[in-house]
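Predicted model only: the values in this text are computed from it and were never measured. Lettering follows sequence order; numbering is per chain, from 1.
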There are 2 protein chains.
Amino acid sequence: MQTKDNPRAPYIQSLDRGLEILQLVGRSKRSISIAELADLLGIDRSSAFRFAVTLRRRGFLSCQPGKKDFLLGPSMWALAREYDWSKLLVDIAHPDLSLLATQINETAHLAVREGKSVLFIDSAHASRVIAAVGRTGELHPLHCTAHGKAILADADEGELRALLGLSPLRKYTKNTITTIGALAENCAAIQEMGYAIDDSEHAEDLRCIAAPIRFNNHVIGSIGISAPVSRLPDSLYSEYGEKVCVIANKIGGLLRNSE
Amino acid sequence: MQTKDNPRAPYIQSLDRGLEILQLVGRSKRSISIAELADLLGIDRSSAFRFAVTLRRRGFLSCQPGKKDFLLGPSMWALAREYDWSKLLVDIAHPDLSLLATQINETAHLAVREGKSVLFIDSAHASRVIAAVGRTGELHPLHCTAHGKAILADADEGELRALLGLSPLRKYTKNTITTIGALAENCAAIQEMGYAIDDSEHAEDLRCIAAPIRFNNHVIGSIGISAPVSRLPDSLYSEYGEKVCVIANKIGGLLRNSE
DNA sequence: TCGAAATGTTGCGCAGTGCGCAATTTTTGT
DNA sequence: ACAAAAATTGCGCACTGCGCAACATTTCGA
């Protein structure tokens, strides 16, 4: 009943394989055939077939009309939509959010993407209660906030255009990035550094530093801090950026274990 | 390997049970314990335990810190987020969307909820090309469009308040519903009739009729038609409403089979 | 248009796996 | 602190899921 390596882990092989299929199909943008599944899992075609049938019966996989290969199905969608995901992330991340706020002695925020915006789902305030911006529940633009750019970090220019391209990027301040090209460059830099900076790009006299929270190599949210320019000079970028990254990675790790 | 009833359906029992668990956990708002799972599935505690462990290993279930009971996990979230759901629905629904447009000879739209808005993801135009409102990709308010209200149909007053309550309902026209209470009543009526009506509640001289698309008893989107008041008098409400409902239910059925 | 190769689907039988039972450990409630 | 409930582990049998091989269907190239 268990794998070779750990005789003490009582897990169910066929369920595990089914879940692996879901993840494989979910990650590849294109649809996957039975034969490919069999190859990827190293199992027989007939087995792959039976797995696929089972997953489709429950609506976790579906086929495009007329085709035989598989995409994620509506059950996945229905479950994920109904669920209060923010709650999960908030539950797991809140202690570290507070930690970050006290470490740096500024306001810290937790955010996720919602459509074409950033949604702030939690915050923690340091004793210094000028209690700034970005209250929980607010929506802000993606292209000119540290959280937004952190969430976009892994997107290439094409994906950015698909997501934001319909309307031109609105200019909020003189620092706002207004072209997709420039935003793509910025994202590349964020990937390199690990954190995103908003230097008064959304509101005057407000700087933020945020880092993407990753799970299974996908960005699922961001965490960061905000402060007026006077308290967040350039010279502190790398120190604070490091701290934010560490916390973001820690939260990613907690999601993995999530126990 | 198969259930009692159909010896010809080659499905995998333990995967199926695992998926059933995901759906059970996903639908109940609160977290579920091992004991409850065992009860709900009619299996032994030890089995339920092994299922839960397997699901958690892959991140499809998670526990709140310190607790032992289960919520949907981050894998579910990550998969669903990455995926291009609109595409699935558009693929499946487009033929019927066109059908609806030609049947009624007006513009038809397909929409899903995105956060606190309605997102139009597809449309079909009749020959009569005054090609109205609601282009694909646009966001509109939930509380004053037929699509929005159809999507909210199953929500009770508490849920509406949780979703919309932070800011007051904006008044677009003299017909706009502006209180949560009135909206809840309207939703109840929609549930009863099966379709929602927007009588110039969002834009003057524009009426829409839309019906919720359901999957597993959850509203996942809406389909409907739009036309100027002159071409959509009260007397046609029930006839068109019926037609829209029929198509919406048909799409729901296609999602079930989705082949 | 046809035939060959690839893919999808079904039947079958064995071995490995998942199941329930029962014992042990941990948690909860009073 | 004790009892009751829940979680976790061990164990062995039966049944399930697996690969194999046959069959059906689709794809593709000439």
Q. Please give, in whole Å, the distance from C:dG8 C1' to A:D39 CG?
A. 14 Å
Q) Would one find a side-chain N or O of A:S14 under 4.0 angstrom from OP1 or OP2 of C:dT17? A) no
Q: Nearest whole angstrom, please: distance from the P of D:dG19 to the CZ of A:F49.
A: 15 Å
Q. Which nucleotide, D:dA7, D:dG17, C:dG18, lies nearest any side-chain atom of A:Q13?
A. C:dG18
(Q) The criterion is side-chain contact (heavy atoms from CB on, under 4.5 Å); which residues satisfy it with A:E242, sequence neighbours excluded? (A) none
(Q) Measure CG/A:L37 against C1'/C:dG8 and give the value in whole Å, please. (A) 13 Å
Q.
Please enumerate all residues that pass side chain to side chain donor-acceptor pair (under 3.5 Å) together with B:S75, with sequence neighbours excluded.
A. A:Q23
Q: Using whole Å, report how far CZ of B:R45 lies from C1' of C:dG18.
A: 19 Å
Q | Euclidean distance, atom CD1 of residue A:I12 to atom C1' of D:dG17 [Å, nearest integer] | A | 13 Å
Q: Please identify each residue that fulfils side-chain contact (heavy atoms from CB on, under 4.5 Å) with A:F49, with sequence neighbours left out.
A: A:I34, A:V53, B:P10
Q.
I'd like to check the side-chain contact (heavy atoms from CB on, under 4.5 Å) partners of A:A188; sequence neighbours left out, ordered by chain and number.
A. none
Q | Set of residues satisfying side-chain contact (heavy atoms from CB on, under 4.5 Å) with respect to B:N249, sequence neighbours excluded | A | none
Q: Only counting residues at least two apart or in another chain, list the ones meeting side chain to side chain donor-acceptor pair (under 3.5 Å) with B:Q103.
A: none
Q: Nearest-nucleotide wise, let me know which of A:L15 and A:D69 is further upstream toward the 5' end of DNA chain C.
A: A:D69
Q) Please walk me through it: do A:S62 and A:F70 pass side chain to side chain contact (heavy atoms under 4.5 Å, CB included)? A) CA-CA 6 Å; A:S62 68; A:F70 293 91; over 6 Å; no
Q: Could you state the atom-to-atom distance from OH of A:Y11 to P of D:dT8 in whole Å?
A: 19 Å
Q. Pick one: which of A:L163, A:L119, A:V118 meets side chain to side chain contact (heavy atoms under 4.5 Å, CB included) with A:R113?
A. A:L163
Q. In whole angstrom, what separates A:L55's CG from D:dG17's C1'?
A. 15 Å
Every protein N/O lying under 3.5 Å from an N/O of nucleotides 20-25 of chain D:
{"unit_1": "D:dC20", "atom_1": "N4", "unit_2": "A:S46", "atom_2": "OG", "d": "2.9"}

Q: Go through the structure and list residues passing side chain to side chain donor-acceptor pair (under 3.5 Å) with A:S46, not counting sequence neighbours.
A: A:D44, A:R50
Q: Would you work out how much the helix from C:dT1-D:dA30 to C:dT30-D:dA1 bends between its ends, with each end axis defined by five base pairs, to 10 degrees?
A: 70°
Q. Can you check whether B:R17 has a side-chain N or O nearer than 4.0 Å to OP1 or OP2 of C:dG18?
A. no
Q. Between A:F70 and B:I43, which has a closest nucleotide on DNA chain C that is more 5'?
A. A:F70
Q. How close or far is atom C1' of D:dT9 from atom CZ of B:F51, stated in whole angstroms?
A. 17 Å
